[in-house]
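For reference, the structure discussed in these notes is given below.
Side-chain atoms are counted along with the backbone in the values below, which use heavy atoms only and exclude waters and symmetry mates. Remember, predicted model here, so these are calculated numbers, not experimental data. Chain naming here is simple, since letters A, B, ... match the order of the sequence lines and numbering starts at 1 in each.
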Amino acid sequence: GAGVSQSPRYKVAKRGQDVALRCDPISGHVSLFWYQQALGQGPEFLTYFQNEAQLDKSGLPSDRFFAERPEGSVSTLKIQRTQQEDSAVYLCASSPTGQDEQFFGPGTRLTVL
Amino acid sequence: RKEVEQDPGPFNVPEGATVAFNCTYSNSASQSFFWYRQDCRKEPKLLMSVYSSGNEDGRFTAQLNRASQYISLLIRDSKLSDSATYLCVGGRGKLQFGAGTQVVVTP
């Protein structure tokens with residue numbers, strides 16, 4: 001079956017520009033997670049949804065980061081006024097219940113110039 | 001201090017040899033543990049879950065030691081295709097990832 005998909009795969013933004021990253025989880029998966037991965041590091045948790053409810057957003061680095069999952073399926077991570085330090089790979093993962101293994105999408109590689 | 005700590009390596013392993021490495025976790029409330037494999041510029045892929053009783057999947061064996069708060073992964077009969085970064089993961093709902101252990105299998 002189809003896995004987690006993310007778009008765009010690559011995004012180049014000028015500093016100060018707003019970006020929106022999309023995640024399509026595996027159909028039927030209740031939980032959806034966003035991570036940020038810098039080069040040479042493991043994924044760092046950003047935020048977590050169970051259906052449409054955002055249960056934990058403790059990992060969002062600033063109020064420029066905003067995520068939503070309005071219908072409990074597709075999710076969007078928005079970054080306003082991008083900064084160079086936002087450059088990273090943004091990974092989305094989904095999980096059947098949230099207490100078990102997570103399945104990752106291919107990521108969006110964001111480069112802020 | 002990160003919640004999950006791993007030796008970054010690299011572990012250089014001759015083809016056919018056995019390699020083992022650990023990671024430690026600091027959150028004693030963690031309930032779920034996994035090993036993920038990540039190839040260069042790719043997403044992490046689940047290698048195996050880690051159970052308290054230990055578990056084996058082919059050439060891979062994972063162990064969990066709750067008393068000492070560490071998780072181990074052993075790879076037997078290493079293949080060239082095992083070259084990757086292995087991410088140790090633990091948590092309770094929200095998973096914490098280690099920075100990864102790089103394994104390089106050489107001919």
Side-chain angles (χ1 to χ4, degrees), chain A residues 2-7 9-10 21 23-26 29-51 53-60 67 87-111, chain B residues 1-11 21-27 29-52 55 57 60 62 64 71 73 84-104:
Chain A
V4 178
S5 61
Q6 292 185 246
S7 61
R9 292 292 310 278
Y10 303 91
L21 313 180
C23 172
D24 279 87
I26 294 172
H29 278 194
V30 168
S31 299
L32 185 148
F33 301 80
W34 283 100
Y35 294 88
Q36 180 189 62
Q37 187 170 25
L39 195 63
Q41 299 297 315
E44 294 282 347
F45 171 84
L46 293 177
T47 186
Y48 154 52
F49 291 86
Q50 187 144 321
N51 296 305
Q54 189 173 19
L55 298 188
D56 189 334
K57 55 182 181 178
S58 62
L60 296 176
S87 296
V89 176
Y90 290 85
L91 293 163
C92 175
S94 71
S95 169
T97 67
Q99 296 298 322
D100 38 26
E101 60 267 24
Q102 298 176 19
F103 299 89
F104 282 83
T108 294
R109 185 174 298 274
L110 173 66
T111 303
Chain B
R1 181 170 176 261
K2 289 180 70 71
E3 282 198 30
V4 178
E5 301 268 7
Q6 293 184 250
D7 181 340
F11 284 69
F21 43 89
N22 296 339
C23 84
T24 58
Y25 63 94
S26 58
N27 184 357
S30 296
Q31 290 187 329
S32 303
F33 302 93
F34 307 95
W35 282 103
Y36 278 75
R37 170 199 169 121
Q38 187 169 30
D39 294 290
C40 188
R41 300 179 78 86
K42 297 285 190 181
E43 73 271 24
K45 290 190 186 298
L46 179 67
L47 179 66
M48 58 197 304
S49 303
V50 186
Y51 304 119
S52 296
N55 49 304
D57 184 0
F60 298 83
L64 167 62
I71 305 154
L73 181 67
T85 296
Y86 291 84
L87 300 169
C88 175
V89 187
R92 185 188 174 119
K94 180 172 83 175
L95 297 181
Q96 299 290 342
F97 284 74
T101 295
Q102 186 183 8
V103 171
V104 179

**Prompt:** How long is the gap from CG on Leu39(A) to CZ on Arg41(B), to the nearest 0.5 Å?
**Reply:**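 Between atom CG of Leu39(A) and atom CZ of Arg41(B) there are 8.5 Å.
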
**Proximity of Phe104(A) and Phe97(B) rings by center, below 6.0 Å** =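 Ring-ring flag for Phe104(A)/Phe97(B): true, centres closer than 6.0 Å.
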
Please look at [X] and chain B and tell me whether the side chain, the backbone, both or neither of the residue comes under 4.5 angstrom of a heavy atom of that chain.
| X | answer |
| --- | --- |
| Thr97(A) | neither |
| Phe45(A) | side chain |
| Gln37(A) | side chain |

**Item:** Non-hydrogen side-chain atoms of Val89(B) and Pro43(A) separated by less than 4.5 Å
**Value:**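 A side-chain contact is absent here, since even the closest heavy-atom pair is not under 4.5 Å.
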
**Request:** Measure the shortest side-chain to side-chain distance between Tyr36(B) and Gln102(A) over non-hydrogen atoms and say whether it is less than 4.5 angstrom.
**Result:**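 Side-chain contact under 4.5 Å: yes.
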
**Request:** Side chain from CB out, backbone as N, CA, C, O: work out which of these in Gln38(B) comes under 4.5 Å of a heavy atom of chain A, or both, or neither.
**Result:**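 Just its side chain gets close to chain A.
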
**Request:** Among the options Gly91(B), Ala99(B), Cys88(B), Pro8(B), pick out the one with the most heavy-atom pairs lying under 4.5 Å from chain A.
**Result:**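 Counting heavy-atom pairs under 4.5 Å, the top option is Ala99(B).
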
**Prompt:** So which bits of residues 44-51 of chain B come within less than 4.5 Å of chain A, counting non-hydrogen atoms only?
**Reply:**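 Counting heavy atoms that sit under 4.5 Å from chain A, the residues of residues 44-51 of chain B involved are Pro44(B), Leu46(B), Ser49(B).
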
**Request:** Could you give me the CA-CA distance, side-chain angles and deciding distance for Leu95(B) and Tyr48(A), then say whether side chain to side chain contact (heavy atoms under 4.5 Å, CB included) is met?
**Result:** CA-CA 10 Å; Leu95(B) 297 181; Tyr48(A) 154 52; over 6 Å; no

**Message:** I need the residue from Gln50(A), Glu44(A), Arg109(A), Gln41(A) with the largest number of non-hydrogen atom pairs under 4.5 Å to chain B.
**Reply:**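 When all of Gln50(A), Glu44(A), Arg109(A), Gln41(A) are compared, Arg109(A) has the most.
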
